[in-house]
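Single-structure report; data block below.
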There are 2 protein chains.
Amino acid sequence: MEDVAQAAGVSTATVSRFLNSPNRVAKETADRVQRAIRELGYRPNVFAQGLMTRKSHVIGILLPDIHGEFYSELLRGAAAEARRLGYHLLISSESGDGPATMLSSNVIGFMAGLAVMVTEPNEELWQQIKASGLPLVVIDEAIHANGLDRVLVDNASGTREAVNHLLASVRPEDMYFVGGPKGNFDTTERAAVFVQTIAHAGWTPSDEQVRYGEYTVEWGRKAAGALLQRVASRPIGVLAANDEIAFGILQAAQEAHVDVPARLRLVGFDDTRLASLMRPQLSTVRMPTADLGAHAVRVLIDRLAQPQRAGTLTTLPTRLVVRGTSGDPGTESGS
Amino acid sequence: MEDVAQAAGVSTATVSRFLNSPNRVAKETADRVQRAIRELGYRPNVFAQGLMTRKSHVIGILLPDIHGEFYSELLRGAAAEARRLGYHLLISSESGDGPATMLSSNVIGFMAGLAVMVTEPNEELWQQIKASGLPLVVIDEAIHANGLDRVLVDNASGTREAVNHLLASVRPEDMYFVGGPKGNFDTTERAAVFVQTIAHAGWTPSDEQVRYGEYTVEWGRKAAGALLQRVASRPIGVLAANDEIAFGILQAAQEAHVDVPARLRLVGFDDTRLASLMRPQLSTVRMPTADLGAHAVRVLIDRLAQPQRAGTLTTLPTRLVVRGTSGDPGTESGS
DNA sequence: CGCAGAAATGCAAGGGCTTGCATGCCGAGA
DNA sequence: TCTCGGCATGCAAGCCCTTGCATTTCTGCG
């Protein structure tokens, strides 16, 4: 920097000002500095900058996992938005590390803030996160504290839409929900709305009608075993808590020669690529996955500038995408 | 830090030494410092540290995209390995940014090194990368320079294996290769070995037998259109340049009621999750995707410690995984 | 032509840490 | 008892910037 200053015939202060508030330096001087910088290939030292300003353009993102359609899409949305706003992402996932290697390491010192998503409620991890003292935004989970910014997905709207859609051709007593892990935030919300919507249609779902497992194809196949036995003269309706599960159910049904959608009407959740890859294509509730990541980042960055606004709650809409597995709307013959 | 020093009754120099070379401080003193640190919740300031040492435990990873099975798996492998070695990953993708926002931004100042993968040969980007002056490792691409560390996948072994496997039940003149983008490194390598292996079997493939397109399901479907017309009394063999393409081909075949594997024998590439999801399950060449990421990170970190060793070339093996689409080995009836 | 106020720039003090060198202490060998 | 090497520790410089304050230069107006 000193060299640049010298080359431009100014002091380092002016160079610094040129970099940080160009309007505070005379145009003519600015040009000289500009040129000197270019010619010398000068790059300010981020460490020194950070040391002075206590700021950085790096934000951390902590996810349960990096892998899989959902997280990678989330990450993509987050990365794109961060980049757009001049920030960069430092990633960390729960799995593979002990819960939070990132948090206990010094890198958190680089971060201006942290976007967090953890699937399982994990008090210890959560304590660590809070202890970091970093500005936080929480993605799609139950945690709830004063002044905490959160970004959620409106599970209710999509679930309700899906259930009602199914109810158009399936009796309430023939409806099933195949969930992910019991206790998981999304599964819990979706199950609740499922039950509530069925109840609204005049039927109280039995425990049989709401099942919990995992977010996997395997669980879908397994759950399908029980379900397929219920298929009789009347078609059954199944809402899966994600597309993976739905895919497992579809495969199992096809292997058992149970026609989908004629005898089993299926709706998934998330609208991952898998949904349009399978045949028939999966009706599913679209999650604004990339938006979720993007929003989280946006809120976080906004919070860095405006700490006093903390406590925001953003809810992103979901909506049903009707495709082949829930019955061609034109062919539906009522219940 | 000063507070810690005071609390422990030592100088800041001792605290620093305790942190960086614990063996240079008396055990008894160490304990006091340790306690003081814990009680005060002291965390060294990374900026100040970086300013002094010119080091950081952050490495950048630049990928063509974050999305999709392949990249997210690569990223996962890289992140896990980085974490294991006490490093953290700063991500950036070509798509969504202008080519290299990351490179032109100051964050590169945080990074100790950079792992790079770019699909399309892109001279301008590559210049920028080199200009960063960062230690580099190149993942799976053609770029080739003196003293550059590279991590590659041994396309040849897997391709050869796959082609020979298909040749066991398909005549060389009935073999087809459906590639990704012409010019893409992997596609080029695989196509070359495909041609070579067929040639070795005594037949020179026509241009018809080697086609280029994209790494997408859609391209697979489209390519299948032409292919399916070739299916006659004898089965044809198809090697797709990735599983996506293979999936498209399989779907198109099924829709056209061309039995797979009886009349079309199909092998994909990458062994993504998609491969075992489809029915019949896809025979495919397994890529050590996560390993690729992990290795890149390992080499890079090794290089930080041992710059003089630069110029390494690591080749990770691929191998054929035989599943349903290439004919049940037990059922194969020769050509 | 002189002066006040604004604009442009320079000066220098840190920001929190690491590390070469100096100091003080100890035990061991003479 | 004296000297000397080695260990543990302290001192203070310096890493490269930013920024409040001081200084200089310029502008416009009386």
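Chain identifiers are assigned alphabetically (A, B, ...) following the order of the sequence lines, protein sequences preceding nucleic acid strands; residue numbering begins at 1 within each chain.
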B/Tyr71 side chain reached by A/Leu75 side chain, heavy atoms, under 4.5 Å | no
Rounded interatomic separation in angstrom, taking CZ from B/Phe110 and P from D/dC17 | 13 Å
When the distance from CG of B/Leu51 to P of C/dT18 is rounded to whole Å, what number comes out?
-> 11 Å
Residues of residues 28-45 of chain A with any non-hydrogen atom less than 4.0 angstrom from an atom of DNA chain D: list those, numerically ordered, please.
-> A/Tyr42, A/Arg43, A/Pro44, A/Asn45
Return the value, rounded to whole Å, for the distance between atom CD of B/Gln49 and atom C1' of C/dT19.
-> 14 Å
Starting from C1' on D/dG14, measure out to CE on A/Met1 and report it in whole angstrom.
-> 16 Å
Starting from P on C/dC17, measure out to CD on B/Glu2 and report it in whole angstrom.
-> 10 Å
Distance-only polar pair, side chains of B/Ser105 and A/His57, donor-acceptor under 3.5 Å | no
Given atom NZ of A/Lys27 and atom P of C/dT9, what is their separation to the nearest angstrom?
-> 13 Å
Expected list for residues 3-22 of chain A near DNA chain D, using heavy atoms below 4.0 Å, is A/Ala13, A/Ser16, A/Arg17, A/Asn20
From CE of B/Met52 across to P of C/dC17 the rounded distance in Å is 12 Å
Using 30° and 60° as the class limits, which term best fits the ring planes of B/Phe47 and B/Phe110: parallel, tilted or perpendicular?
-> tilted
Are any of the side-chain heavy atoms of B/Ile108 and A/Arg43 separated by less than 4.5 Å?
-> yes
Euclidean distance, atom CZ of residue A/Arg54 to atom P of C/dG15 [Å, nearest integer] = 9 Å
Examine the side chains of A/Glu123 and A/Gln127 and answer whether a donor and an acceptor come within less than 3.5 Å of each other.
-> yes
With a 4.5 Å limit on heavy-atom distance, are the side chains of A/Thr272 and A/Phe70 in contact?
-> no
Contact check, side chains of A/Leu103 and A/Leu114, non-hydrogen atoms, under 4.5 Å = yes
Any ion pair linking A/Arg35 and A/Asp31 (charged N to carboxylate O, less than 4.0 Å)?
-> no
Given DNA chain D, 5'-ward residue of the pair A/Ala48 and B/Asn23, judged by closest heavy atom | B/Asn23
Name of the residue among A/Arg309, A/Arg298, A/Arg303 meeting salt bridge (charged side-chain N to carboxylate O under 4.0 Å, His left out) with A/Asp149 = A/Arg303
Side-chain H-bond candidate by donor/acceptor type, B/Arg76 with A/Ser93, under 3.5 Å | no
Once you build an axis from the first five pairs and another from the last five of the helix from C/dC1-D/dG30 to C/dA30-D/dT1, how far apart in angle are they, to 10 degrees?
-> 50°
Pairwise side-chain contact, B/Val15 with B/Val10, heavy-atom cut-off 4.5 Å (strictly under) | yes
